[in-house]
> 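Here it is, the structure in full.
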There are 2 protein chains.
Amino acid sequence: MSKPDLLIHTAFKLFYEHGIHAVGINTILSETGVAKKTLYRHFGSKEALVEAVLIYRDQIFMDWLTSRMLAAGEGKVAILALFDALDDWFHDRVDVLLPFKGCFFIKANGEFSNHAVNALCQKHKQNITSFIQANLIDCSSELSVAELAQSISVLKEGAISQAYVAGDLDAAKRAKAMAVTLLD
Amino acid sequence: MSKPDLLIHTAFKLFYEHGIHAVGINTILSETGVAKKTLYRHFGSKEALVEAVLIYRDQIFMDWLTSRMLAAGEGKVAILALFDALDDWFHDRVDVLLPFKGCFFIKANGEFSNHAVNALCQKHKQNITSFIQANLIDCSSELSVAELAQSISVLKEGAISQAYVAGDLDAAKRAKAMAVTLLD
DNA sequence: TTACAGGTAAACCGATCTGTCTACTTCATG
DNA sequence: CATGAAGTAGACAGATCGGTTTACCTGTAA
C-alpha cells in the first residue's frame with residue numbers, strides 16, 4: 001500500500017473510533033510508522049487529510065452499498081436489500097466497512113460547523129438518497145419518487161443511529177419492515 | 001443565574017455548535033466572564049463539566065418532549081404529537097432547545113468511545129424510548145409494545161439525522177406519516 | 001469585628017497540538 | 001555515475017490545552 005493510502009486508511013480507523021479532534025497527527029504517524037514530513041508532503045495539513053479520509057470512506061461505503069443493492073435486483077427488491085445490507089453491517093459481517101461504530105459522516109459532521117467537512121458529509125448523504133431514488137423510478141406509488149427516497153433515507157438514518165447510540169442492533173430489521181409497508 | 005448554571009448553559013451552547021473537543025475551557029471562561037478557579041471549584045475537570053452539560057440537556061429535552069406529548073393526549077395521539085414537536089424543533093420554533101443543530105447526544109457520543117459520556121448518551125435515548133413505550137401500552141397492535149417503541153425510535157432518530165446532516169427540514173413530517181401507518 | 005466562603009485576575013506548569021526544518025538515506029532513472 | 005524524488009529520524013517552534021497556584025477582593029453571618 002502506498003504511503004498516502006496507508007495514512008488515509010489508518011487515519012480513518014482512528015478517526016472512526018475516537019473522533020477526529022481526539023486523534024492527533026502524531027498518533028497517526030506512530031501507528032503507521034510514516035515520517036511526519038512524508039505526511040505533510042502528501043497532505044498539506046490535517047484538514048486536508050481529514051477531507052481525503054471522508055472521500056475515501058464515501059467511496060468504500062458507496063461501492064459496497066450499490067453493489068449489494070444491484071446484486072439483489074431492481075426497484076423494491078434493491079431497496080429491501082439496502083436494509084439487509086445495513087443489518088449485516090451492524091452485526092459486523094462486512095469486513096470492508098470495519099467493525100460497526102455508527103456512521104462516520106454523522107460523527108464527522110457533528111465535530112465541525114460551517115466547514116468543508118460539513119459539505120462533504122451532506123454530499124455523501126445526498127449521494128445515497130439519489131441512488132435510492134434511482135431505484136424507485138419504476139416503483140408504483142402515489143408519492144413522488146423524490147419524497148419517497150427521502151422517507152427511505154429517514155428509515156436508513158434512523159436504523160444507523162438507533163443501532164449505534166442505543167445499541168439496538170436489530171434496528172435495520174425494524175426499518176426494513178416499515179419500508180415494506182411504505183412501498184406498498 | 002448561578003455561576004455553575006451559567007457555565008453549564010454557556011458550555012452547552014458552545015459544545016452543541018462546535019463540538020466538545022473543539023471548545024476549550026478558556027473559550028467557555030471568556031464567554032461567561034467567570035474566573036478559571038471558579039469553574040474548577042464547581043467542576044473538578046472538563047470531563048465533569050461535560051457530564052453536567054449532558055445531564056442538563058437531558059432534563060431540558062425530556063421536559064419539553066414529555067410536556068408536548070402529554071398535552072396532546074394519550075396513546076397514539078401522544079406519539080403523533082412527538083413528530084409535530086420534532087417538526088417545530090427542526091424549524092426553530094422551540095426557544096428552550098436553542099436553534100436546531102442536530103441531536104447533542106448523537107454528536108457527543110461520536111466524540112468519545114468507552115467513556116462515561118457514551119453511557120449518558122445511551123441512557124438519554126433509552127429514557128425517550130421508555131417514555132414512548134409508556135404511551136403505547138393501550139395501543140392495539142400485533143407487535144409487542146417494546147418493539148413498537150423501538151420502531152418509533154428509529155423514525156425519530158432518522159428524522160433528526162436526516163434533518164440535520166442532509167438538511168431535510170421536513171423529515172419529521174415524513175416520519176410522522178410512517179408512524180401513522182405503523183400504528184394502524 | 002472577625003472569619004470565611006465565593007469570587008476575580010493573572011501568572012504559571014507540563015503536556016500536547018499542528019506544522020517546519022535540517023540532515024541523512026534509499027532508490028529508480030537518464 | 002549522477003541526479004532528484006521520496007523516504008526516515010528527530011529536533012524545534014509557537015500556540016493552545018487542561019489544570020494549579022498566588023494574591024487580592026467582596027459580602028455575609030457569628
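Residue numbers begin at 1 in each chain, while the letters A, B, ... track the order of the sequences.
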> What is the distance from CG of A:Leu29 to C1' of D:dA11, rounded to the nearest Å?
15 Å
> Within this structure, what is the NE2-to-P distance between B:His42 and C:dG6, rounded to whole angstrom?
7 Å
> With B:His124, which of B:Phe61, B:Tyr56, B:Phe104, B:Phe131 fulfils ring pair (Phe, Tyr, Trp, His ring centres under 6.0 Å)?
B:Phe61
> Can you tell which of A:Leu182, A:Ile132, A:Ile79 makes a side chain to side chain contact (heavy atoms under 4.5 Å, CB included) with A:Leu148?
A:Leu182
> Report the distance from atom OH of A:Tyr40 to atom C1' of D:dG10, rounded to the nearest whole Å.
15 Å
> Begin with the C-alpha distance, continue with both residues' side-chain angles, and end with the deciding distance and a verdict on ring-ring contact (aromatic ring centres under 6.0 Å, His included) for A:Phe83 and A:Trp89.
CA-CA 10 Å; A:Phe83 293 98; A:Trp89 181 29; over 10 Å; no
> Can you name the one residue among B:Asp88, B:Asp84, B:Asp63, B:Asp87 that meets salt bridge (Lys or Arg N to Asp or Glu O under 4.0 Å) with B:Arg68?
B:Asp88
> Looking at B:Lys107 and A:Glu111, does any basic side-chain N land under 4.0 Å from a carboxylate oxygen?
no
> Using heavy-atom distances to pick each residue's nearest nucleotide on DNA chain D, tell me which of A:Gly33 and B:Gly44 is more 5'.
A:Gly33
> Under a 3.5 Å cutoff, is there a donor and acceptor pairing between the side chains of B:Thr10 and B:Thr32?
no
> Among the nucleotides D:dG19, D:dA6, D:dG18, which one has an atom lying closest to any side-chain atom of B:Ile25?
D:dG18
> Which nucleotide in the set C:dT8, C:dT18, D:dT8 lies at the smallest distance from any side-chain heavy atom of B:Ala35?
C:dT8
> Could you check which of C:dG19, C:dT8, D:dG19 has an atom nearest any side-chain atom of B:Lys3?
C:dT8
> May I have the distance from A:Lys46 (atom NZ) to D:dT16 (atom C1'), rounded to whole angstrom?
13 Å
> So, under a plain 3.5 Å distance rule, would you say the side chain of A:Lys36 forms a donor-acceptor pair with the base of D:dG10?
no
> Figure out the NE2/C1' separation between A:His18 and C:dC17, and round it to whole Å.
18 Å
> On DNA chain C, compare the nucleotides closest to A:Lys37 and A:His21; which residue's is nearer the 5' end?
A:His21
> Quick check on C:dT18: is either OP1 or OP2 less than 4.0 Å from any side-chain nitrogen or oxygen of A:Ser45?
no
> Expressed as a whole number of angstroms, how long is the span from B:Phe43:CZ to C:dG6:P?
14 Å
> Would you check, one step at a time, whether the test salt bridge (Lys or Arg N to Asp or Glu O under 4.0 Å) holds for A:Lys123 with A:Asp58?
CA-CA 9 Å; A:Lys123 189 181 163 196; A:Asp58 176 62; over 6 Å; no
> Roughly how many Å is it from CD in A:Glu47 to C1' in C:dG19, rounded to a whole number?
14 Å
> Using five pairs at each end of the helix from C:dT1-D:dA30 to C:dG30-D:dC1 to define an axis, what is the angle between those two axes, to 10°?
0°
> Just compare D:dG18, C:dT18, D:dT8 and give me whichever is closest to any side-chain atom of A:Asn26.
C:dT18
> Check whether any side-chain nitrogen or oxygen of B:Arg41 sits under 4.0 Å from OP1 or OP2 of C:dG6, and answer yes or no.
no
> Within this structure, what is the CG-to-C1' distance between B:Leu49 and D:dC17, rounded to whole angstrom?
15 Å
